[in-house]
Colleague: 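After the structure tokens below, expect a handful of questions from me.
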Amino acid sequence: MATSGKVIKCKAAVAWAAGKPLSIEEVEVAPPKAGEVRIKMVATGICHTDEHLRQGLFPNADFPVIPGHEGAGIVESIGEGVTSVTPGDKVILLCVPQCGKCSFCLNPETNFCVKEHMFESQCVLPDKTTRFTCKGQQIHHFFWVSTFAEYTVVPQYAVAKIDAAAPLDKVCLLACGFPTGYGAAINAAKVKPGSSCAVFGLGGVGLSVVMGCKAAGASRIIAIDVNKDKFAKARELGATDCINPQDFNKPIHEVLIEMTTYGADYTFEAAGKLDTLAAAMTSCNPSTGVCVMVGVPKAGSMLTIDPMLLLTGRVWKGTILGGWKMRDSIPKLVSSYLEKKFDLDVLITHTLPFAKLEEGLELLRAGKSIRTVLLF
Ligand code: NAD
Ligand code: ZN
Ligand code: ZN
């Protein structure tokens, strides 16, 4: 392409400091170095994690930074040695990389990778430099992918080629929200047919958990949110009961234990709060229950629990991106979407031009959207 090997000037949303609004700036995007890929973004979803980052609550992050991690685009140019994609390919950017070489990547039981952000910050590329500059200043990447930019540069193991027929304005959700929630049910909890499930938080992630529980054959899916406007969609996707903790004069875990006799078989926390995490843990079956933490509490927070909760046998676990090894699995999920094995469109409540990013973030903060997709 004509831009190959050149610095590209384009628009990107920069978070200059924690807690400050994002500002759309003209940035310079350097060409990809060896092993890297430069991508022209086509669509990106807005996930709560981007807002969490903007507020300065996400672990291992550095400012100034370009957020965004639910993106799909087209390869513009590739650095030396890149073999997995070529210019013109449709791709999904992977916020959980798969280097293919570390002990985690070689273990089929996990999607963790030593290149993962929780292990070593992905706010710089593997050579410890960034490809973004603005007003003479280096701007950090987020999860390596920084999808709130017209162009971005990622290492080749953080990008996957997908079917050329895929609509990027829909499958961008396969970069985070949908596989996280759906995989939490299918891969992390391994929900069994006929079981009971409880899901705390009904955003894009929690509703995808509901879809996963339904697909796995759960007979009871209790959806919990403090915003009752989320209930209609939860019911449409398979929730059998929708409850608001504020409607009860006793703790929500007691309500759930009563509803399920001893506690639900599987509980999921997808609100990113400590109190809901404790409630999810306490409201699963004391012996055979599995509680999966999906939401991300603010960096550095601590939770005290009674260890006797674990003695009886219940399992408490977490999941990153629903357990999918992303480079292997995301292209397959794209194919499954094209074969109509699950729906993504139902999660997209708003589509806006990239310039209206702030409006999209405000819809999320106000609880008025599930997923807003920004188009470049
Ligand atoms: P969202 O903001 O769209 O949804 C969160 C929902 O939780 C909202 O509907 C809100 O009303 C509800 N909520 C808030 N407080 C509650 C309470 N006390 N009880 C019940 N419900 C409550 O967010 P999202 O994009 O769906 O993301 C959900 C969480 O998942 C976030 O913490 C996000 O950072 C995290 N996340 C984790 C992963 C992962 O890999 N584990 C991936 C993506 C997102
Ligand atoms: Zn996300
Ligand atoms: Zn690895």
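Just so you know, ligand 1 is whichever comes first in the structure, and atom 1 is the first atom listed for that ligand.
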Colleague: Is C284 close to V290 at the side-chain level, that is, under 4.5 Å between some pair of heavy atoms?
Modeller: no
Colleague: Around the Zn ion (ligand 2), list the protein N/O/S atoms within a radius below 2.8 Å, excluding water molecules.
Modeller: C47 SG, H69 NE2, C176 SG
Colleague: In Å and rounded to the nearest 0.5 Å, what is the CG to CG distance from L168 to L375?
Modeller: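 Between atom CG of L168 and atom CG of L375 there are 10.0 Å.
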Colleague: So, taking the atom named CZ in F231 and the one named CG in D241, what distance separates them when rounded to the nearest 0.5 Å?
Modeller: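 Output value for this atom pair is 10.5 Å.
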Colleague: Can you tell whether the side chains of E28 and K6 come within less than 4.0 Å, N to carboxylate O?
Modeller: no
Colleague: Please give the N or O to N or O pairs under 3.5 Å between ligand 1 and the protein, distances rounded to 0.1 Å.
Modeller:
residue	atom	partner	partner atom	Å
ligand 1	2 (O)	H48	ND1	3.3
ligand 1	9 (O)	D225	OD2	2.7
ligand 1	9 (O)	K230	NZ	3.0
ligand 1	11 (O)	D225	OD1	2.7
ligand 1	15 (N)	K273	NZ	3.2
ligand 1	25 (O)	H48	N	3.1
ligand 1	25 (O)	R371	NH1	2.9
ligand 1	26 (O)	G204	N	3.1
ligand 1	26 (O)	V205	N	3.0
ligand 1	32 (O)	V296	N	3.0
ligand 1	34 (O)	T49	OG1	2.8
ligand 1	40 (O)	L321	N	2.8
ligand 1	41 (N)	V294	O	2.9
ligand 1	41 (N)	T319	O	2.9

Colleague: Atom CD1 in I8, atom OG1 in T152: separation rounded to 0.5 Å?
Modeller: 11.0 Å
Colleague: For the atom pair CD1 (I348) and OG1 (T372), what is the distance rounded to the nearest 0.5 Å?
Modeller: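 Between atom CD1 of I348 and atom OG1 of T372 there are 9.5 Å.
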Colleague: Would you say the side chains of D265 and S196 form a donor-acceptor pair under 3.5 Å?
Modeller: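 The criterion, which ignores hydrogens and geometry beyond distance, is satisfied for S196 and D265.
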Colleague: Of all residues at least two apart in sequence or in a different chain, which pass the ring pair (Phe, Tyr, Trp, His ring centres under 6.0 Å) check with F248?
Modeller: none
Colleague: Is the closest basic N to carboxylate O distance between K40 and E76 below 4.0 Å?
Modeller: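 Answer for the salt bridge query: no.
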Colleague: When you check the space around the Zn ion (ligand 3), which protein N, O or S atoms turn up under 2.8 Å?
Modeller: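 Sorted hits: C99 SG, C102 SG, C105 SG, C113 SG.
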Colleague: Using atom types as modelled and distance alone, determine if a side-chain donor or acceptor of T276 lies under 3.5 Å from a backbone N or O of K273.
Modeller: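 Between the backbone of K273 and the side chain of T276 there is a qualifying donor-acceptor contact (under 3.5 Å).
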Colleague: Between the side chains of T44 and E70, is a donor N or O closer than 3.5 angstrom to an acceptor N or O?
Modeller: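 No pair is found: no donor N or O on one side chain lies under 3.5 Å from an acceptor on the other.
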Colleague: Without hydrogens or angle criteria, can the side chains of Q98 and N111 be said to hold a donor-acceptor pair below 3.5 Å?
Modeller: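 Q98 vs N111: no donor-acceptor pair found between side chains.
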Colleague: Is it true that E51 and R54 make a salt bridge, defined as a side-chain N closer than 4.0 Å to a carboxylate O?
Modeller: yes
